[in-house]
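Counting starts at 1 for both ligands and their atoms, in listed order.
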Amino acid sequence: MKIDVSSIIKVTGASIKLDGELDMRNAEFLGETYRFNEPLKISGEIYNNGQSLTLSARVQGKMLTECARCLKEIEADVDFEIHELLSREEDGASPEDDLILFEGHEIELDDIAADVFLMSTSGKYLCSEDCKGLCPTCGCNLNEGECGCNNEYIDPRWQALADILKQQEDN
Ligand SMILES: [Zn+2]
Ligand SMILES: [Zn+2]
């Protein structure tokens, strides 16, 4: 989604309302597996604060990713906010100013949204809160049934005792 900011770029206090769709299908995600096959909704505004443009927006929608525990493909909710300052390189802004630089009079929101998403996401999406994950021994999906491997969790407080018993057995 490209936004033409020519109407506000010279007018302090002016703003443009954002209400549209972002297309992040082609966003680069550094090898991570987030797929945005459907457009995301974006709403908010771009405001001229006299020095730069303030972009404030909320992005919502759905994406496909994989469960962090069992790696099954899942649909996850996307809901994040963007708060960024933007300025034109030709207006004297430098990359060290912590601003997003743009050229001309158009701002490409898809790329900005993709960057903000990557910075803010925890990466921890689960197919369900009580996903059992994969068996550490054989790799099978424990949500689909027990595999018979002995992965019993031992309370650390009992581990010392278990070790002593094991030692006695071995001797
Ligand atoms: Zn899972
Ligand atoms: Zn197993």
Restricting to salt bridge (charged side-chain N to carboxylate O under 4.0 Å, His left out), what partner residues turn up for Lys72, sequence neighbours left out? none

For the Zn ion (ligand 1), angle spanned by Cys70 SG and Cys67 SG (nearest 10°) is 110°

Does Glu108 use its side chain to pair, donor to acceptor, with the backbone of Met1 at less than 3.5 Å? yes

Under 3.5 Å, is there a donor-acceptor pair linking the side chains of Asp19 and Ser43? no

Report, rounded to 10°, the angle at the Zn ion (ligand 2) between the two atoms SG (Cys149) and SG (Cys147). 110°

Option passing side-chain contact (heavy atoms from CB on, under 4.5 Å) with Ile46 (candidates Leu18, Ile9, Thr54): Leu18

What angle sits at the Zn ion (ligand 1) between SG of Cys127 and SG of Cys131, to 10°? 100°

